[in-house]
Amino acid sequence: MSWLAIIGAVAGGLMNKSASDKAARRAIEVGTANAADLRRISKLNAGEITRIAGLNANAVLSTANMNSQSILNVAQANSLAFLQSTTMNIDLASTEHRELLRRHILKEQSVQGSIRAAYGASGIRVGAGSALEVLNEAVTSGHDERQYLANYATKRLAMMGAEGIQRARLTMLSADERSKVLLGTAALQSSVMREEAESRKTTMLNDAEANALSLERGGQLIASTQRAQGTASLVSGIMGGINSYVQYGGGT
């Protein structure tokens, strides 16, 4: 009877030990699987963070490029309008100047004709000098006045042309500077977006790895507890069998 008690106690202890070992292995398997799932999902999420950040950064750059091109196109159109307007104004001013000179010449010719007519009718001196002197003075005065008008018109036309070109140049310069600022700002925003995404991804992966390690350690801790309980159960069974053997005096 005592031998049967010992065998039964040992067998029960072994069964408990086997069950505890299985539970320990299962705990490790579950902890490892959970950790692997966490790492896999975290990598997928990290990839998605990078993809979305790339899309947003590219969208910022694309929008900036379109806006920049629009600014340059508008500036080019305005500059061309300035130049065309300047060209028309110069042409108008030139026509006005030619007409002014034409009328001046006609007036001068009229004055010369009057002088000749007055001399031819009377045969006397006109004013302080002869008719020839008066004619020479009128011609000289008319020539000097036309020279002044020509110089004035030349400077005026040159000034109009320079002003139109300057306005067109400043329009393009302003647009170019605004375009550079826009593109530079967009590039900076794009870079910051990518850096922030990388930072979030790194933080998430680090957290995931820490949690995965915690899951693995938790499985190992449960496994150690299960093994300890199995060993304790086996030792308890053996000790119980021995006590039974001693209690019943052994062998009978």
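Positions are given from 1 along the sequence.
Side chains of T95 and R98: a donor on one and an acceptor on the other come within 3.5 Å. If you check the side chains of Q69 and N73, you find a donor sitting under 3.5 Å from an acceptor.
No donor-acceptor distance shorter than 3.5 angstrom exists from the side chain of S179 to the backbone of A175, with no hydrogens or angles considered. With S190 contributing its side chain and A186 its backbone, the two residues share no donor-acceptor pair below 3.5 Å. The backbone N or O of L83 sits less than 3.5 Å from a side-chain atom of T87, completing a donor-acceptor pair.
The distance from the CD atom of Q189 to the CG atom of N56 is 11.5 Å, given to the nearest 0.5 Å. Distance check, rounded to the nearest 0.5 Å: OG1 of T171 to CD of Q166 gives 10.0 Å. Note that CE of M159 and OG1 of T154 are 12.5 Å apart. Values are rounded to the nearest 0.5 Å. With values rounded to the nearest 0.5 angstrom, E177 atom CD is found 11.5 Å from I71 atom CD1. Expressed to the nearest 0.5 Å, how far CE of M204 lies from CD of E48 amounts to 10.5 Å. Summarising the geometry, atom CG belonging to L38 is positioned 9.5 Å from atom CG belonging to L213; distances are rounded to the nearest 0.5 Å.
Shortest non-hydrogen contact noted between R217 and A210 is NH2-O, 4.4 Å. In terms of heavy-atom proximity, S79 sits nearest to M172 at OG-CG, 3.2 Å. Residue I90 comes nearest to M160 through the heavy atom pair N-CE, 3.7 Å, listed as atom of the first residue, atom of the second, then distance. When all heavy atoms of A93 and L157 are compared, the pair lying nearest together is CB-CD2, 3.5 Å. In terms of heavy-atom proximity, R200 sits nearest to I49 at NH2-CG2, 4.0 Å. Shown here for T86 and G161, the closest heavy-atom pair between the two residues is CG2-CA, 3.8 Å.
A 4.5 Å side-chain heavy-atom check between D91 and M88 finds every atom pair outside the cut-off.
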Apply the test side-chain contact (heavy atoms from CB on, under 4.5 Å) to residues V192 and E195: give CA-CA distance (whole Å), side-chain angles for both, the deciding distance (0.1 Å), then the verdict.
CA-CA 5 Å; V192 170; E195 288 296 330; 5.6 Å; no

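In the displayed structure, R178 atom CZ is contacted under 6.0 Å by more than 12 heavy atoms of other residues, nucleotides or ligands.
The cluster map of Ile, Leu, Val, Met, Phe, Trp and Tyr, joined by side-chain heavy atoms under 4.5 Å apart, puts L72 and L173 in different clusters.
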